[in-house]
Student: 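Here it is, the structure in full.
Residue numbers run from 1 in the order of the sequence given.
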Amino acid sequence: MEPTVEDAVSSDFGLINKLDIHCDLKTLNDDLKKSLESEEKKKAKREESNEITHSQDMEEKLGSGEPSCSVKVHTAPQPGRGADLSKPPCRKAKEIRKERKRLKLMQQNPAGEREGFQAQCQPSSLLPPKTKSNEPKSLEDLIFESLPENASHKLEVRVVRSSPPSSQFKATFQESYQVYKRYQMVVHRDPPDKPTVSQFTRFLCSSPLETENSPNGPDCGYGSFHQQYWLDGKIIAVGVIDILPYCVSSVYLYYDPDYSFLSLGVYSALREIAFTRQLHEKTPQLSYYYMGFYIHSCPKMKYKGQYRPSDLLCPETYVWVPIEQCLPSLEKSKYCRFNQDPEAVDEGRSKEPDRLQVFYKKAIMPYGVYKQQQRDPSEAAAVLQYARLVGQACSERMLLFRN
């Protein structure tokens with residue numbers, strides 16, 4: 001049986017693949033063309049011979065008077081010519097789409113053509129890492145994201161000093177107080193006569209902190225401030241904060257109940273954290289955000305544990321412990337020791353109570369001198385309890401008033 005064209009082509013490729021995979025493509029192409037041409041000539045001769053034989057048979061049948069019928073001649077299908085090696089290889093549709101997109105970008109930005117070429121020539125290790133479209137934004141990206149000029153609403157945050165009151169604080173005092181009054185009445189169910197101006201001033205405006213402006217400190221200085229949230233020209237919330245040398249302390253937040261759907265408590269906390277980060281860039285030692293007391297059994301206080309990473313202060317050893325380690329203990333008991341080391345003690349405890357400072361009869365004196373003038377045994381117990389609570393360092397810096 002004579003081999004077909006497919007057998008010849010596959011045989012040639014099989015031989016080439018087995019013997020020499022580095023063959024010259026031009027030589028391979030010429031050999032295939034010669035083989036295919038010779039097969040075409042042989043096939044043409046066979047078809048011509050078959051046509052002559054077929055016509056003679058038909059003439060004999062017609063001359064003999066036999067009925068004619070159509071005869072279906074089964075001929076071998078025309079063999080394919082295989083891949084045209086003179087043309088570039090076929091590419092996947094995905095690659096073609098990428099190429100079209102690249103050409104479109106080049107047309108939009110002709111200067112990027114050279115940049116793209118240079119990027120392709122660089123090793124993959126030198127290329128900048130690809131940014132993921134679903135990568136979460138940082139807190140600053142969310143808080144300080146710029147809005148278009150034609151935005152439907154405008155939010156502005158102002159930080160004004162409350163003690164001593166600045167001119168901006170005085171100008172907005174009444175509007176701020178009205179927001180506080182509505183908040184206390186709606187959220188905390190206070191009667192209308194309870195949130196008075198004097199109560200508001202004593203609670204959230206007057207502060208024992210002294211104003212201090214340090215060259216290495218924040219531009220606004222240290223002290224007590226009100227962080228006012230203005231929406232479309234009106235105050236909708238106020239965060240009361242203390243800016244201290246090592247932290248920003250969140251004191252209180254009140255807001256207009258009509259805007260409770262905005263979750264202003266969460267937003268203000270995130271805003272204050274971002275504000276603390278800003279201050280930290282200017283003042284490196286200011287690196288903490290203090291949210292105040294945490295009461296695990298109180299829903300109004302428990303939300304503070306949602307911000308991570310957070311630490312709780314051990315009430316016995318006065319060291320900070322990650323909140324994740326404290327929560328299991330708080331689920332079992334309202335009061336517990338967070339420090340797991342049973343041998344640990346308060347390093348700042350009162351070790352020399354006689355050095356405790358007492359203010360007595362308009363005079364400052366150490367406790368060692370004061371106790372010589374006292375004969376009441378209960379007085380010693382009260383002073384020593386105070387010393388244990390404040391520690392050695394604070395007992396020498398603060399004055400314990402006695403009369």
Side-chain angles (χ1 to χ4, degrees), residues 161-165 198-199 201-214 216-217 221-225 240-252 283 285-288 290-296 298 301 311-321 326 329-330 333-403:
R161 184 179 290 276
S162 57
S163 179
S198 59
Q199 185 267 343
T201 304
R202 182 176 66 254
F203 180 34
L204 297 176
C205 301
S206 300
S207 172
L209 298 179
E210 295 183 359
T211 303
E212 181 180 342
N213 291 282
S214 172
N216 298 325
Y222 299 114
S224 299
F225 298 84
V240 183
I241 59 175
D242 291 334
I243 301 179
L244 305 172
Y246 297 98
C247 73
V248 171
S249 177
S250 180
V251 179
Y252 201 72
T283 311
Q285 76 264 16
L286 201 162
S287 54
Y288 295 99
Y290 180 65
M291 301 188 73
F293 291 110
Y294 176 80
I295 303 176
H296 189 68
C298 178
M301 292 286 189
D311 298 327
L312 292 180
L313 189 67
C314 178
E316 296 181 5
T317 61
Y318 296 98
V319 295
W320 294 100
V321 181
C326 306
S329 300
L330 289 173
S333 175
K334 294 182 179 180
Y335 176 85
C336 57
R337 172 191 171 106
F338 299 143
N339 195 329
Q340 301 299 319
D341 183 5
E343 304 296 331
V345 295
D346 176 20
E347 298 296 336
R349 65 188 182 280
S350 177
K351 302 175 184 177
E352 301 179 71
D354 285 351
R355 297 179 57 179
L356 181 150
Q357 298 297 303
V358 179
F359 186 75
Y360 178 64
K361 291 184 177 180
K362 300 182 180 180
I364 300 174
M365 62 188 71
Y367 174 67
V369 176
Y370 169 76
K371 68 179 182 180
Q372 295 177 1
Q373 306 177 21
Q374 299 299 316
R375 297 181 179 179
D376 185 0
S378 62
E379 181 68 7
V383 174
L384 293 177
Q385 182 184 19
Y386 163 81
R388 286 194 300 270
L389 292 174
V390 302
Q392 186 66 40
C394 290
S395 68
E396 296 181 25
R397 292 169 52 190
M398 299 190 302
L399 297 178
L400 175 62
F401 176 76
R402 312 308 289 172
N403 53 18

Student: List the atom of Ala344, the atom of Asn339, and the distance in Å for their closest heavy-atom pair.
Tutor: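 Result for this residue pair: CB-ND2, 3.5 Å.
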Student: Looking only at heavy atoms, what is the nearest atom pair of Ser250 and Ile241, with distance?
Tutor: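 So the minimum-distance heavy-atom pair works out to CA-CG2, 4.4 Å.
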Student: Gln392 and side-chain contact (heavy atoms from CB on, under 4.5 Å): which partner among Arg397, Arg349, Glu352?
Tutor: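 Only match with Gln392 under side-chain contact (heavy atoms from CB on, under 4.5 Å): Glu352.
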Student: Is it true that atom OH of Tyr335 has more than 12 heavy atoms of other residues, nucleotides or ligands lying nearer than 6.0 Å?
Tutor: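 Counting other residues, nucleotides and ligands, OH of Tyr335 exceeds 12 neighbours.
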Student: Nearest 0.5 Å, what's the CG-OG distance between Leu244 and Ser224?
Tutor: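 Interatomic distance, Leu244 CG to Ser224 OG, rounded to 0.5 Å: 8.0 Å.
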Student: For Pro208, is there any backbone N or O sitting under 3.5 Å from a side-chain donor or acceptor partner on Glu210?
Tutor: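 Pair absent, no side-chain N/O of Glu210 close to backbone of Pro208.
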Student: Do Pro366 and Gln357 have side chains that get closer than 4.5 Å, going by heavy atoms?
Tutor: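 Of all side-chain heavy-atom pairs linking Gln357 with Pro366, at least one is under 4.5 Å.
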Student: If the threshold is 4.0 Å, N to carboxylate O, is there a salt bridge linking Asp346 and Arg388?
Tutor: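 Judged by the 4.0 Å cut-off on N to carboxylate O distance, Asp346 and Arg388 do not form a salt bridge.
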Student: Less than 4.5 Å apart, side chain to side chain, heavy atoms only: is that true for Leu400 and Tyr367?
Tutor: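 No, their side chains stay 4.5 Å or more apart.
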Student: Between Phe338 and Val319, is there a side-chain heavy-atom distance shorter than 4.5 Å?
Tutor: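 A side-chain contact under 4.5 Å is absent here.
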Student: Before you tell me yes or no, could you show the steps for Leu312 and Leu330 under side chain to side chain contact (heavy atoms under 4.5 Å, CB included), namely the whole-Å CA-CA distance, both residues' side-chain angles and the distance that decides it to 0.1 Å?
Tutor: CA-CA 11 Å; Leu312 292 180; Leu330 289 173; 4.1 Å; yes
Student: Would you say that more than 12 heavy atoms from the other residues, nucleotides or ligands in this model lie under 6.0 Å from the OH of Tyr246, or not?
Tutor: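 At most 12 heavy atoms, drawn from other residues, nucleotides or ligands, come within 6.0 Å of this atom.
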Student: A side-chain contact here means heavy atoms from C-beta on lying under 4.5 Å apart; do Thr317 and Asp341 qualify?
Tutor: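 The answer is no; the side chains never approach within 4.5 Å.
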Student: State, to 0.1 Å, how close Arg337 and Cys314 come at their nearest heavy-atom pair, and which atoms those are.
Tutor: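 Looks like CG-SG, 3.9 Å.
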Student: For Glu379, run the side chain to side chain donor-acceptor pair (under 3.5 Å) check against Lys371, Arg402, Gln374 and tell me which one passes.
Tutor: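 Considering Lys371, Arg402, Gln374, a side chain to side chain donor-acceptor pair (under 3.5 Å) with Glu379 is found only for Arg402.
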Student: Just how far is it from atom SG of Cys394 to atom OH of Tyr386, taken to the nearest 0.5 Å?
Tutor: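 Rounded to the nearest 0.5 Å, the SG-OH separation comes out at 8.0 Å.
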Student: Hey, could you give me the CG/CG distance between Leu384 and Leu389, rounded to the nearest 0.5 Å?
Tutor: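 Answer for the CG-CG pair, Leu384 versus Leu389, is 11.0 Å.
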Student: Give the minimum heavy-atom separation between Ser329 and Cys336, together with the two atoms involved.
Tutor: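 Heavy atoms only, the tightest pair is CB-SG, 3.5 Å.
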Student: Side-chain contact, heavy-atom cut-off 4.5 Å: Pro164 with Thr211?
Tutor: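 Yes, at least one pair of side-chain atoms sits under 4.5 Å.
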Student: For Phe203, look at atom CZ and say whether over 12 heavy atoms of other residues, nucleotides or ligands are found less than 6.0 Å away.
Tutor: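 Yes, the 6.0 Å shell around CZ holds more than 12 heavy atoms from other groups.
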Student: Return the OH to CD1 distance between Tyr222 and Ile243, rounded to the nearest 0.5 Å.
Tutor: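 If we round to the nearest 0.5 Å, Tyr222:OH and Ile243:CD1 are 9.5 Å apart.
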Student: Please round to the nearest 0.5 Å and tell me the distance separating atom CD of Gln385 and atom OG of Ser350.
Tutor: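 Reported value, rounded in 0.5 Å steps: 12.5 Å.
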Student: Taking the side chain as C-beta and beyond, is there a heavy-atom pair between Asp311 and Leu313 under 4.5 Å?
Tutor: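 Heavy-atom side-chain distance check fails, nothing below 4.5 Å.
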Student: So, Thr283 side chain and Asn216 main chain: donor-acceptor pair closer than 3.5 Å or not?
Tutor: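 Such a contact is found between Thr283 side chain and Asn216 backbone.
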Student: Taking all non-hydrogen atoms of both residues, which atom of Cys247 and which atom of Tyr290 are closest, and how far apart?
Tutor: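 Heavy atoms only, the tightest pair is SG-CB, 4.2 Å.
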Student: Atom CE of Met301 and atom NE2 of His296: how far apart are they, to the nearest 0.5 Å?
Tutor: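 Here the interatomic distance stands at 14.0 Å.
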